[in-house]
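Take a look at the structure below.
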2 protein chains.
Amino acid sequence: MPPPELSVQPLDSGATFRNQVYRKLKQAIIQMDIYDHPGDVRLDERQLSGLLGVSRTPIREALTLLEQEGLVRLEPRRGIYVVRKTKTEIIEMIIAWAALESMATRLAAERATAEDINMLWDIFRSFEEQAPSDNIQEYSDANIEFHKAIIRLSRARILETLTDNLFIHMRAIRKLSIRQDNRAEQSMHEHRDIIRALERRDGELAERLAREHTLGLAAHVERHGDFLDWLRLAEVRGTDVKAAFKDGLPLM
Amino acid sequence: MPPPELSVQPLDSGATFRNQVYRKLKQAIIQMDIYDHPGDVRLDERQLSGLLGVSRTPIREALTLLEQEGLVRLEPRRGIYVVRKTKTEIIEMIIAWAALESMATRLAAERATAEDINMLWDIFRSFEEQAPSDNIQEYSDANIEFHKAIIRLSRARILETLTDNLFIHMRAIRKLSIRQDNRAEQSMHEHRDIIRALERRDGELAERLAREHTLGLAAHVERHGDFLDWLRLAEVRGTDVKAAFKDGLPLM
DNA sequence: ACATAGAATTTCGTATACCAGATACGCAGC
DNA sequence: GCTGCGTATCTGGTATACGAAATTCTATGT
């Protein structure tokens with residue numbers, strides 16, 4: 001007879017102020033979408049302190065974390081600014097993502113159960129129906145969810161962690177990801193092929209398809225992502241950003 | 001005539017106490033090599049405060065960073081402990097490393113200059129001479145330097161950053177990396193083949209060789225890395241670790 | 001009006017004080 | 001000697017106070 005184990009949960013749940021503030025700030029920064037905002041976005045420790053009802057100490061520690069994640073930039077005695085990645089940085093991040101996800105896909109081909117793959121088909125179908133041009137945000141989020149799902153099947157936590165940190169910054173190119181030349185449709189086909197490769201347990205192929213799929217996005221950004229750096233210039237010069245997009249650029 | 005630009009250096013150099021403490025602690029933790037130490041290693045904020053001559057505030061912020069990097073674990077109101085990775089975690093990290101480095105190698109094949117590749121040959125030769133069995137630490141460090149050099153040739157900062165964070169934890173398996181079955185020699189051959197592929201600008205091949213080389217290490221750890229988890233058990237039970245290695249395990 | 005020096009203010013970095021959870025210790029009871 | 005309970009102590013989390021660099025405002029002289 002197995003011993004009657006009473007396993008009590010830790011229940012702490014990292015509920016320190018520091019962690020709470022960290023999560024709240026992170027969510028707020030992501031939600032605001034810096035790439036939709038012209039100009040600098042500056043955070044004030046005291047203001048946040050009053051806003052969140054805690055002292056500056058846990059706020060500073062949370063900001064320290066956010067800085068390491070590349071979400072904010074702390075300029076000593078000058079201010080705290082929400083970071084906007086450059087085009088080059090975004091492309092590098094996509095490349096790193098491609099590297100990690102292709103490896104994850106290889107592992108997934110070995111480790112995923114039949115049920116796991118059914119789940120992928122479910123996700124695939126669920127946003128196959130959805131017209132991408134309608135709701136960019138939802139489409140983009142669903143897209144990322146698909147990739148996250150595959151990575152999860154690798155059963156390698158570190159790959160999840162590392163890519164999660166990268167995905168945060170993919171909001172920068174949301175509007176780009178479904179631009180003309182039927183990227184959306186092509187993307188879907190590639191997703192389908194990846195799942196099929198997983199189904200056939202062809203790790204080699206699945207890995208290659210995943211890599212090429214994501215590197216394709218990198219190339220797309222390389223061609224059409226110049227607006228990312230314009231945002232920075234506009235910010236410095238104080239120009240109205242909206243105007244800069246009048247001449248045929250993707251924003252909206 | 002070029003404009004007479006006067007570019008003044010930032011000169012701040014991140015010399016805040018927080019950053020200084022961060023670097024010092026990181027170096028100290030890495031140097032001590034937790035995997036050589038039996039038992040828990042606990043850090044005391046107040047003690048560090050006295051030791052380093054600064055207040056607890058910058059120390060706490062530095063520890064926050066180290067926690068995020070996975071070097072220490074902060075247990076609220078219980079203590080701060082240097083982290084020891086499990087075998088599974090180490091293997092996952094090697095896999096992530098393989099993913100990032102193989103991608104970097106692919107890029108390097110496109111971007112590296114002839115001079116860059118000569119530098120790789122230099123590094124290669126410099127530790128070809130060195131007998132690996134003599135000085136494990138030096139051999140291991142040189143080995144990692146080689147990999148860092150290749151990654152640097154990708155000209156993708158993010159790949160450097162991400163892998164640097166992974167390499168920190170590779171000290172865990174230093175003693176393992178040159179165990180019997182002439183891994184050292186085989187490793188050297190593989191390094192040579194990677195450089196040759198880069199020389200021929202064969203990105204596809206270089207990527208595959210780099211991936212297989214590093215995944216080989218993962219497999220090696222999978223087979224012979226059980227001692228990593230024993231360390232944890234020994235720690236919990238308070239057993240003398242050295243004894244556990246008597247029966248033929250790699251340590252030393 | 002404009003330029004400028006200097007004071008007042010803002011803002012982050014650091015030090016210190018206080019609090020509550022967790023542990024260790026010791027005493028009482030058996 | 002062992003168990004259980006309560007208190008003292010330790011430790012990290014949080015709040016507050018202080019300091020110095022950077023910016024802004026203002027008054028003054030031209």
Side-chain angles (χ1 to χ4, degrees), chain A residues 6 8-26 29 39-83 235-236 238, chain B residues 6 8-26 28-29 39-83 235-238:
Chain A
L6 177 71
V8 179
Q9 283 305 310
L11 107 66
D12 182 296
S13 81
T16 61
F17 282 6
R18 178 184 69 134
N19 287 333
Q20 291 182 52
V21 171
Y22 167 72
R23 281 194 292 267
K24 264 227 149 43
L25 278 182
K26 186 168 178 174
I29 290 175
D40 282 357
V41 176
R42 182 176 179 170
L43 275 51
D44 182 276
E45 288 184 8
R46 288 167 208 285
Q47 186 183 334
L48 290 173
S49 173
L51 214 62
L52 297 173
V54 298
S55 81
R56 281 177 55 217
T57 310
I59 291 186
R60 292 199 90 256
E61 293 183 354
L63 286 171
T64 296
L65 288 175
L66 293 172
E67 182 191 33
Q68 178 154 310
E69 281 186 15
L71 282 175
V72 302
R73 188 178 63 245
L74 276 64
E75 294 187 16
R77 250 143 302 207
R78 293 179 52 84
I80 302 158
Y81 299 92
V82 178
V83 164
E235 165 189 355
V236 170
Chain B
L6 177 70
V8 179
Q9 283 306 309
L11 110 71
D12 182 296
S13 80
T16 62
F17 282 6
R18 177 184 71 131
N19 287 333
Q20 291 182 50
V21 171
Y22 166 73
R23 281 195 292 268
K24 263 228 151 39
L25 279 182
K26 186 167 179 176
I29 291 174
D40 282 358
V41 176
R42 181 175 180 170
L43 275 51
D44 182 277
E45 288 185 5
R46 287 171 164 84
Q47 185 184 333
L48 290 173
S49 172
L51 214 60
L52 297 174
V54 298
S55 81
R56 281 177 57 213
T57 309
I59 290 186
R60 283 188 52 73
E61 293 183 353
L63 286 172
T64 296
L65 287 174
L66 293 172
E67 182 190 33
Q68 177 153 311
E69 284 186 13
L71 282 176
V72 301
R73 188 177 65 246
L74 277 66
E75 295 187 17
R77 252 145 299 221
R78 292 178 50 83
I80 301 157
Y81 299 92
V82 177
V83 164
E235 166 188 355
V236 171
R237 298 194 190 151

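Lettering follows sequence order; numbering is per chain, from 1.
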* Applying side-chain hydrogen bond (donor to acceptor under 3.5 Å, both in side chains), name anything that partners A/E69, two or more places apart in sequence or on another chain. =>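 Per chain and number, A/E69 pairs via side-chain hydrogen bond (donor to acceptor under 3.5 Å, both in side chains) with A/Y22, A/K26.
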
Whole angstrom is fine here: how far is it from [atom1] in [X] over to [atom2] in [N]?
| X | N | atom1 | atom2 | answer |
| --- | --- | --- | --- | --- |
| A/R73 | C/dC12 | CZ | P | 13 Å |
| A/L74 | D/dA21 | CG | P | 18 Å |
| B/N19 | C/dC12 | CG | P | 16 Å |
| A/I80 | C/dT10 | CD1 | P | 17 Å |

Can you list the residues that meet the side-chain contact (heavy atoms from CB on, under 4.5 Å) rule with [X], with sequence neighbours excluded?
| X | value |
| --- | --- |
| B/Q47 | B/D44 |
| B/R56 | B/E45, B/R46, B/S49, B/R60 |
| A/I29 | A/L43, A/L66, A/L71, A/V72, A/V82 |

* Would you check if A/E67 and B/L65 make a side-chain contact, meaning some heavy-atom pair closer than 4.5 Å? =>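 No - every pair of side-chain heavy atoms lies 4.5 Å or more apart.
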
* Asked: Do the side chains of A/T64 and B/R18 get nearer than 4.5 Å, heavy atoms only?
  ->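 Answer yes - side chains close enough.
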
* **Within residues 55-68 of chain B, residues whose heavy atoms come under 4.0 Å of DNA chain C** =>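 Result for residues 55-68 of chain B: B/S55, B/R56, B/T57, B/P58, sorted by number.
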
* To do: Could you work out which one of C/dC12, C/dT14, D/dG12 sits closest to the side chain of A/R77?
  =>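 From the listed options, C/dC12 comes nearest.
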
* **Interface with DNA chain D, restricted to residues 43-52 of chain B and to heavy atoms under 4.0 Å** =>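 Listed by number, they are B/L43, B/D44, B/E45, B/R46.
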
* **Under 3.5 Å donor-acceptor, B/Q20 side chain and B/A15 backbone** =>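 It does hold such a pair.
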
* Asked: Quick one: CZ on A/F17 to CG on A/L52, what's the gap to the nearest 0.5 Å?
  ->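 Result: 10.5 Å between the selected atoms.
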
